[in-house]
Amino acid sequence: MEDKHELSVQVGRRIRELRLRQGITVEALAEAADISVQYVSEIERGKKNMTIPILRNMVQALHTSSDYLLFGRTEVDPVCETVARRMSSLLPVERDLVATSLLKMAQVVEDLGLERA
């Protein structure tokens with residue numbers, strides 16, 4: 001089992017990498033996670049740990065999974081991640097419309113019985 005400090009450093013590094021890759025400022029992440037800029041900075045440097053509600057807020061703000069933040073595991077298809085990120089910027093009624101449309105299109109594709117690789 002790895003040491004607690006090393007885990008905090010790894011989680012913080014993943015948060016920082018995601019934040020930078022997505023072009024999110026420390027200030028914007030702090031606001032989305034409902035914590036201070038200083039606290040985000042300390043989490044990213046592995047100096048502080050998060051509570052479960054803050055972890056949930058981080059996952060949502062960074063459009064990622066807790067599996068990725070905690071363990072570095074990612075099984076999310078990049079296309080799905082892009083769609084999820086785009087949908088998250090929509091209003092709830094717009095998200096419902098897009099989701100319904102995507103599900104119907106997926107069903108049509110499945111019904112066509114195309115050969116899967």
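Checking S41 against R45 by side-chain atom types alone, a donor-acceptor pair falls below 3.5 Å.
Taken together through direct or relayed side-chain contacts under 4.5 Å among Ile, Leu, Val, Met, Phe, Trp and Tyr, V9 and V40 form parts of separate hydrophobic clusters. No single ILVMFWY cluster, assembled from side-chain heavy atoms under 4.5 Å apart, contains both L102 and L97. No continuous path of hydrophobic side-chain contacts links V98 to L103 [ILVMFWY only; heavy atoms under 4.5 Å]. The hydrophobic cluster containing M87 also contains M105, counting ILVMFWY residues as joined when their side-chain heavy atoms lie under 4.5 angstrom apart, directly or transitively.
Contact detail for Y39 and N49: the closest heavy-atom pair is OH-O, 2.6 Å. Shown here for L29 and R19, the closest heavy-atom pair between the two residues is CD2-CD, 3.7 Å. Of all heavy-atom pairs between L70 and L55, the closest is CD1-CD2, 4.2 Å. Residues V26 and V37 share a closest heavy-atom pair of CG1-CG1, 3.5 Å. Contact record, S88 with H63: OG-CE1, 2.8 Å, taken as the closest heavy-atom pair. Heavy atoms only, all atoms of each residue included: Y68 and R14 are closest at O-NE, 2.9 Å.
Sparse packing is recorded around CZ of R86, with 12 or fewer heavy atoms of other residues, nucleotides or ligands lying under 6.0 Å away. Crowding of D34 atom CG: a count of heavy atoms from other residues, nucleotides or ligands under 6.0 Å not exceeding 12. More than 12 non-hydrogen atoms from other residues, nucleotides or ligands lie less than 6.0 angstrom from CD of E42.
Rounding to the nearest 0.5 Å places CD of E27 at 11.0 Å from OG of S36. Taking CD1 of I24 as the start and CD of E31 as the end, the distance is 12.0 Å to the nearest 0.5 Å. Once rounded to the nearest 0.5 Å, the distance linking OG of S89 with CZ of R95 reads 8.5 Å. Interatomic distance, NZ of K47 versus OG of S8, reported as 10.5 Å (0.5 Å rounding). Atoms NE2 and CG, on H5 and D3 in that order, are 7.0 Å from each other to the nearest 0.5 Å. Here the CD-CD1 distance, from Q38 to I43, works out to 10.5 Å after rounding to the nearest 0.5 Å.
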Checking L7 against V11 for the side chain to side chain contact (heavy atoms under 4.5 Å, CB included) test, could you report, in this order, the C-alpha distance in whole Å, the side-chain angles of both residues, the deciding distance, and whether it holds? CA-CA 6 Å; L7 178 60; V11 169; 4.1 Å; yes

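Counting heavy atoms from C-beta on, the side chains of E110 and Q107 come closer than 4.5 Å. No side-chain heavy atom of E44 sits less than 4.5 Å from a side-chain heavy atom of L20.
Under the 3.5 Å distance criterion, the side-chain polar atoms of E94 are matched with a main-chain donor or acceptor of L91.
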